[in-house]
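Worksheet: one structure, shown below.
Residue numbering restarts at 1 for every chain, and letters A, B, ... go by the order of the sequence lines. Computed from heavy atoms alone, side chains included, the values below leave out hydrogens, waters and symmetry copies.
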Amino acid sequence: MDPVSILLGGFASGMVLFIVSVGLSVTMGLMGFVNLAHGGFAMLGGYVIVLAMKHWGFLFLPSVALAFVTVALFAVVLERLLYARLYRATELDQVLFTIGLVFVMTAAVTLGVGPETQVVQLPDWLRGQTDLGFIKYRTYSLALIAAGVLLAIGIWLGFERTRFGARIRAAVDNRRMAQSLGVDVGRLFAVTFAIGSGIAAVGGGLGAEILGLDPNYPLRYLVYFLIVVSVGGLGRVTGVFFAALFIGVLDFVLKIYFPKGGTIFIYVLTLVLLLWRPRGLFGRRGA
Amino acid sequence: MLETRGLCKSFGALEVAREIDFRLERGARHALIGPNGAGKTTFVNLLTGVLLPSRGNVLLEGEDVTTLAQAKRVKRGIARTFQINQLFRGLTVQENLCIAVSERLGVGGAMLRPAGKRADVIDEASRLMEILKLGEDAGRRVVELPYGRQRLVELAIALGLNPRVLLLDEPAAGIPSAESHILLDAIATLPKDIAVLIIEHDMDLVFRFADRITVLVSGAIFAEGTPAEIAANREVRAVYLGSALDA
Amino acid sequence: MIAATQLARRHRFRWWELLPWVAGIAVFFAFPNYLSFATQVLITILFALSLDLVLGYAGIVTLGHAAFFGAGAYTVGMLAMHWGWHEPFSGLLAAALVAAVIGFASGMVLLRTHGLTLLMLTLCTMTLLEQAANMSAAWTGGFDGMPGLSFSKILGLFGFDALYFRSQYLYALATLFLCFVVVRMLVYSSFGQSLTGVRENLLRMHAIGAPVRTRQVLAYTVSAALAGVAGALFTQANGYVNLAVLGLERSAGVMIVLILGGYGRLYGAFVGATAYMVLEHTLAKAYPTAWQLGLGLTLIAVALFARNGVIGIADSLRRRLEGSAR
């Protein structure tokens, strides 16, 4: 494969990692909540899209929107009812709770839809190849990259240019300070959690081509999502973006050249990096 | 006994300690007062090694301990209490004290003998509980005690380290005034050559306890002297006592 | 002073502490056809017990404990496969040693961090070992592992039988007993007491001058060695080893077992492993999805309401009864 194709392929999977993980980064950064169930929301999004298209006659884009809305609503209900009770709990309780939640989601999907792998039917305009002038590449991958970049810019603008984003940044940097300045961190978190889960749902659907979609999705990719988040730094949108791209490309390259266990380098790299900078590449030092 | 020279600490642009020259004499009963945010707790953190200063030195009996790790300073006799209780909440009062005493006696890492057979440790813990009138609560978990009682455990742990320098960060905060005499009595039972530095907002307590007072404002020493001198100092009254009286 | 003598009496042996071992021997005679399963239970108890030392006592939250189980399992497997080392006891010791070395080395480095970073690092260390075992197929058998391993007779007398686990069961029971004696000693020692201090309040532990990290690394190393023994027992008893000994599933599984039983209480591992595995054995085979659903709901409930597991619930009931009796 030529380098440009490899780069594009890597970017495409990196974008999927970014779209799924970005919400996790912000919510973990805000509350310090160890949420191992985040991948579950991505999976649910994928299933909503599949079901909407197969059984309810939705087109592709409307089903993606539907996935965002339903999963975001579901997430906010869970957050208010259950997550909120565990903000002050120990890490261990948070780990237990979210692992339990993953089990429940996996079992529910298996019972409701079935254990087999689902395929997201792509619309015609996303199939085939697109000629970029210098190279012909899969339209779908290119669309993924475009979607990822647009989303990243959108989230970044939301973070940097809105009052809501400013509040989140303040709360990530210093929750107590933000609280004493009158930011309602609880509500902020609920909204962020909903949006983050909704975006993950979109990622689960859009990325199904690359990551697949079946009931074991949340556990299988858990480590990857966590690596992206911890390498990028908690609560750092740009950090997660670059970390996801980097890991996406690296993973893509390793799988081509070292199909047998080449991914070991990703773990080595993560280990070394986290030991060198426990708060991630883009995380703030100290505090 | 314990001395700082030109001690500075800043977090970014925020200066929380400025050129602090401070002496705590052997056997002193010294109080550190100042408005909220004056940097009193930061100062204690600098003395105990929780924070490293940006500039300046900390000396213990003339020896430079500026970069010495916290644990090593404890071994040299600097003990502290925290403004907010830092206790082993899920453990009993007795266990809380035994852990501290074991550490001082250097048996905290012993793996073979049951902790319950360390008569020396247990006796010492019992003695501490007697001093602080905690005997009844020996077998109760700290989390089950009212806050005021927990406060006494906090002090007992520090005493259990057999300190030569004792730093008390608002020890009476949260103790019902009916019980605060237990605290003062406990401090009174300490050997006379122990140096005690107390941070306190309760001016009654400060003037009853201290033979010397330092006033800290915005990270710098504002005034220092005997209680009578401080009480008579107009500027202190204006900056601190006045505002405390108004409040 | 009744209360003050509490601590002095706690380490003493109580009559009911005989029960697990009496039950263990009774199982041998009462259920000769289930000894294979019962052996797996014993191995899980030992694994959970090792985790209790770090998680329950030292308060180190790890998702990578299977790294040590796997290290032990692969150690005896590779020794038997490549070097003709089939003697079981020395195999256990070798496994303990290898796991301890890995535990010590990784503990020295990882335990400087905490929270999410520590969680990630333990997870990465384990995945690293898993990938390494997957890659070096010449040594480890790669994905398929090493089937059909044989071990020599215990004490030269009792052979491992792949169908009747009589020898394996007693061997595992004896090993568990020895390891338990060590853990019990540690837990009631001053060292164990200081570990609970580390768990309860790190800040205070530093402030009383305790060498916190040394204690944590020591606990981590001992725990790794015990997990290694559990892994070695797994390979020896079953006669095979594969990648499943190293996965996230095993790490998460043992954590769940310990939490459900009650952590930081010595017998939680026994209760948790037995209850979990018996339920899993009867339910999971027949209704795997319902089992997963039930387990998930249970974990959520435990995290929200009953933080100390089965033994914890029993404890608080007892406390309440004693309270009302007073």
Sub-4.5 Å side-chain heavy-atom contact between [X] and [Y]:
| X | Y | result |
| --- | --- | --- |
| C:Q131 | A:F265 | no |
| C:M255 | A:V95 | yes |
| C:M120 | A:V229 | no |

Just give me the residue among [options] that pairs up with chain A most often, heavy atom to heavy atom, under 4.5 Å.
| options | answer |
| --- | --- |
| C:L123, C:T125, C:L128 | C:L128 |
| C:G115, C:S136, C:G294, C:G142 | C:G115 |
| C:L116, C:T113, C:L110, C:L118 | C:L116 |

Between C:T117 and A:P278, is there a donor-acceptor pair closer than 3.5 Å when you use the side chain of the first and the backbone of the second?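 Side chain of C:T117 to backbone of A:P278, a donor-acceptor pair under 3.5 Å: yes, one is there.
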
Atom pair OG/CG of A:S230 and C:L121 - distance to nearest 0.5 Å: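 Here the rounded value is 8.0 Å.
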
Could you state the interatomic distance from CD (C:Q292) to CG (A:L111), rounded to the nearest 0.5 Å?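 Spacing of CD (C:Q292) from CG (A:L111) equals 9.0 Å.
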
Chain A contact via C:A132 - side chain, backbone, both or neither, heavy atoms under 4.5 Å: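 Answer is both: backbone and side chain atoms of C:A132 are under 4.5 Å from chain A.
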
Interchain contact, C:L248 with chain A, by part (heavy-atom threshold 4.5 Å):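 The side chain, not the backbone.
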
Is there any residue in residues 52-74 of chain C with a non-hydrogen atom under 4.5 Å from a non-hydrogen atom of chain A, and which ones are they?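 Within residues 52-74 of chain C, near chain A: C:L55, C:V61, C:L63.
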
Shortest non-hydrogen contact from C:A252 to A:I99?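 Reported closest heavy-atom pair: CB-CD1, 4.3 Å.
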
For A:R80, which residues count as a side chain to side chain contact (heavy atoms under 4.5 Å, CB included) partner, sequence neighbours excluded?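 Partners of A:R80 under the side chain to side chain contact (heavy atoms under 4.5 Å, CB included) test: A:A84, A:A190.
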
I'd like to know which of A:T270, A:V34, A:V102, A:L101 tops the heavy-atom pair count under 4.5 Å against chain C.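 Top count of heavy-atom pairs under 4.5 Å with chain C: A:L101.
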
Testing A:L271, A:L226, A:V272 one by one against C:C124 for a side chain to side chain contact (heavy atoms under 4.5 Å, CB included), which residue passes?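 Between C:C124 and the candidates, side chain to side chain contact (heavy atoms under 4.5 Å, CB included) is satisfied uniquely by A:L271.
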
Strictly by side-chain hydrogen bond (donor to acceptor under 3.5 Å, both in side chains), give each pair with a member in residues 293-305 of chain C just once, sequence neighbours left out.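 Applying side-chain hydrogen bond (donor to acceptor under 3.5 Å, both in side chains) to every pair that reaches into residues 293-305 of chain C, excluding sequence neighbours, yields nothing.
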
Just to verify, what does A:Y83 make a ring pair (Phe, Tyr, Trp, His ring centres under 6.0 Å) with, not counting sequence neighbours?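 Here the qualifying residues are A:F33, A:F97, A:F193.
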
